[in-house]
Every structure is written in structure tokens, then in C-alpha cells.
Student: 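Structure below; questions to follow.
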Amino acid sequence: MRIATWNVNSIRSRQDHLLAWLERSRPDVVGLQETKVPDGDFPHDPLAALGYRAAVSGQKTYNGVALLSPHGLEDVRVGFSALLPGDAEAEALGEQRRVISAWVEGVRVVDLYVPNGSALDSDKYAYKLAWLGCLRRYLAVQRDQGEPLCVLGDFNIAPEARDLHDPAGQEGGIMASAAEREALRACLGDDLQDAFRLFEPDAGHWSWWDYRGGGWPRDRGWRIDHVYLCPLLQERAMGCRIDREERGRERPSDHAPVIVELADAPEEAEPEA
DNA sequence: ATGTCGCTAATGTAGCGA
């Protein structure tokens, strides 16, 4: 099973890239972020022509998430409120479309677009921390359901110094502050592991390069797009790679796709005769 | 640490968010 995440930075601007990438990569499920399109305008038809169905939660201009799969997307849940009914903060945070999940091929896939936060002294940063606090409650409920779990998306957080091209200049700043990292760690607990770090210990691997300041030509990137796996899925993990090639195309997204390969699920044990 | 991009309001370009 091939699972991917990609912040496309507008699905309408990136439609041709996305379609070509789906044909080449043929993921079994992909979580998209920053689709930037209301649900009524989502381009279902060209995706369906490639055999992909979509579950979407979008809005005009900002944010927006979607799950695509050629298999069934079952039990789709939109927003934090789907698992936190009656939670006023979950309801309020749901105005920004950043959370969608579905059951795909025996895996619960949760697709997230974590707020960027802008700057440490910004009210957007406070929003980011509050949002992560709500995510923690959401994932606690999700865990209690006992489903094989994959949490992926654009986290807008570099977990460690090795995920930054310039640790000396970036550690402690936005997307690399202790409070953000601790909030993320609290969401993940001891069980969810970053698939990329199951295979690659070194620095120098990025998933996002700022359009500004020659980020791509100078390879000044950050590793902020992640795929987290529960222990059951970690056992099945065969590899995780960042598809840098996409970032080098004409009119690219500023993010590259991240792709995880899982071995087939073990057969159910035969009942005793 | 800013050398860009995508969006929206609108027709020309500013403002916002990343």
C-alpha cells in the first residue's frame, strides 16, 4: 500500500501537476493540503478519469484538505468536531478547513493542514498552539477506536534541528520553536512514529522550499511534511521518500510529495479447526 | 530573513498569507 501527502498550494493551479503525478506514482491514498477551493468547485471529474475518488473539505482562498484514492474512501470524517461533538473549541476551529479522515484499505488515514503560525508574536501563532491542543484531544479519541492509524499532512513544524537547512538561524523560531514541537509531541504520544525517520537519520532532506529568497535553487528547505504511523503500520513500513522532482518542475508547489510504502497486511490467522 | 507565488477584490493592482 502506497500512502502519500502533498501540499499542492491550490489544486486549480496544480491540477496538471497532480494528474501527471498520480499517473506516475499511483498512490493508494494521498492527502492533499491547501486545495484553496470550495467543495462545489473541486475538480472531481479529471481525477475520476484517472480512477481517483475524492473526499474533500475546502474553502475559498485559504486552507482546504482532500483525500484521494482509487479504492473506497469509507467513513469520511470532516473537521475536529466529527470526533469531538459538543466541543466548542473544535467547532470554532472548524471554520478553517484543515482536517479530514477516512477509512481506506484497512487504514484510518487522517489528513491535516496544521496552521503556519506566521511569527512567534503573531495571534496566528497562538491559534496554531490552540489548534494543536485540539488535535491532541482529537487523536486521543481516534486512538481509543483502535483502528490502524496513519496521520499525515503539512505540519508546519520541523521536529528537530536535522529537519532545518540552517539550524543556527532557525532553531527556536517559527516552525521550530519548543512550544510547537512539544505540542506536536503531545499529539503523537509514544506510539505514532515519523515514517521518514524509520529509514533516514541524516539532515539534508527537505519537503518544503520557500518560493522567496531562492529557497529551491539554494536548497534551503525544511522538512515539515510528515507521515506518522501507529506501531502496527510501522511493522509494515518498507520505505519513505520525498519526491523532490516535483519541486523542480515549472510552476511547482512549494512543497514536495512524501510517499510511504507499506507491505501488504498479514493474512488473518485461520480459525482453529 | 526574503531574489515568489496564489488568491481575491476587480480590470489594474494592492493586500494577505505562506
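Order of the sequence lines sets the chain letters (A, B, ...), proteins ahead of strands, with each chain counted from 1. Values below: all heavy atoms of this structure, side chains included; hydrogens, waters and symmetry mates excluded.
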Student: Using a strict heavy-atom distance below 4.0 Å, which residues from residues 165-176 of chain A are in contact with DNA chain B?
Tutor: Q170(A)
Student: Write down the distance separating the C1' atoms in dA1(B) and dA18(B), rounded off to the nearest Å.
Tutor: 14 Å
Student: Using the P atom in both, what is the distance from dT11(B) to dG6(B), to the nearest Å?
Tutor: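 Comparing P positions in dT11(B) and dG6(B) gives a spacing of 23 Å.
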Student: Working note: D28(A) + H71(A), criterion side chain to side chain donor-acceptor pair (under 3.5 Å); need CA distance, chi angles, decisive distance, verdict.
Tutor: CA-CA 7 Å; D28(A) 294 289; H71(A) 315 294; 2.7 Å; yes
Student: Would you measure the distance from the P atom in dC7(B) across to the matching atom in dT2(B) and give it in whole Å?
Tutor: 26 Å
Student: With no hydrogens and no angle check, do the side chains of S122(A) and Y127(A) hold a donor and an acceptor under 3.5 Å apart?
Tutor: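 There is no such pair (donor and acceptor under 3.5 Å, judged by atom type) between the side chains of S122(A) and Y127(A).
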Student: So for atom CD, which belongs to E160(A), do other residues, nucleotides or ligands contribute more than 12 heavy atoms lying within a distance under 6.0 Å?
Tutor: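 More than 12 heavy atoms, drawn from other residues, nucleotides or ligands, come within 6.0 Å of this atom.
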Student: Starting at atom CD1 of I11(A), determine the distance to atom C1' of dC7(B), rounded to an integer number of angstrom.
Tutor: 15 Å
Student: Between R251(A) and R220(A), which is nearer to the 5' end of DNA chain B once each is assigned its nearest nucleotide?
Tutor: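 The answer here is R220(A).
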Student: Mind listing the N/O atom pairs, protein and nucleotides 16-18 of chain B, below 3.5 Å?
Tutor:
{"unit_1": "dA18(B)", "atom_1": "N6", "unit_2": "R212(A)", "atom_2": "NH1", "d": "3.1"}

Student: Show the nearest heavy-atom pair for residues A4(A) and L152(A), with the distance to one decimal.
Tutor: O-CD2, 3.7 Å
Student: Respond yes when some side-chain nitrogen or oxygen of R14(A) is under 4.0 Å from OP1 or OP2 of dC7(B), and no when none is.
Tutor: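 No, R14(A) has no side-chain N/O under 4.0 Å of OP1/OP2 on dC7(B).
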Student: So, D225(A) versus S207(A): side-chain donor-acceptor pair below 3.5 Å or not?
Tutor: yes
Student: Salt bridge between R181(A) and E171(A), side-chain N to carboxylate O under 4.0 Å?
Tutor: yes
Student: Once you round it to whole Å, what is the distance between C1' of dC5(B) and CZ of R249(A)?
Tutor: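 Answer to the nearest Å: 18 Å.
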Student: Ion pair present between K36(A) and D41(A), side-chain N to carboxylate O less than 4.0 angstrom?
Tutor: no
Student: If only side-chain N and O atoms count, and only distance matters, is there a donor-acceptor pair under 3.5 Å linking Q33(A) with D111(A)?
Tutor: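 Side-chain D/A pair, D111(A) to Q33(A): present.
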Student: What residue among R197(A), Q170(A), H205(A) forms side chain to side chain contact (heavy atoms under 4.5 Å, CB included) with D163(A)?
Tutor: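 With D163(A) as partner, R197(A), Q170(A), H205(A) yield a single side chain to side chain contact (heavy atoms under 4.5 Å, CB included), made by R197(A).
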Student: E250(A) CD to dT4(B) P: how many Å, rounded?
Tutor: 15 Å
Student: Rounded to whole Å, please give me the gap between CD in Q96(A) and C1' in dC7(B).
Tutor: 15 Å
Student: Taking the six-membered ring for Trp, is the centroid-to-centroid distance between Y113(A) and F155(A) below 6.0 Å?
Tutor: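 No, the ring centres sit 6.0 Å or more apart.
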Student: Determine the Euclidean distance between corresponding P atoms of dC5(B) and dA10(B); express it in Å to zero decimal places.
Tutor: 26 Å
Student: Each nucleotide N or O in nucleotides 9-11 of chain B that has a protein N or O under 3.5 Å away: list the pair and distance.
Tutor:
{"unit_1": "dA9(B)", "atom_1": "OP1", "unit_2": "K60(A)", "atom_2": "NZ", "d": "3.0"}

Student: Give a yes or no on this: more than 12 heavy atoms of other residues, nucleotides or ligands lie within 6.0 Å of atom CG of D190(A).
Tutor: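 Atom CG in D190(A) is not crowded, with 12 or fewer foreign heavy atoms closer than 6.0 Å.
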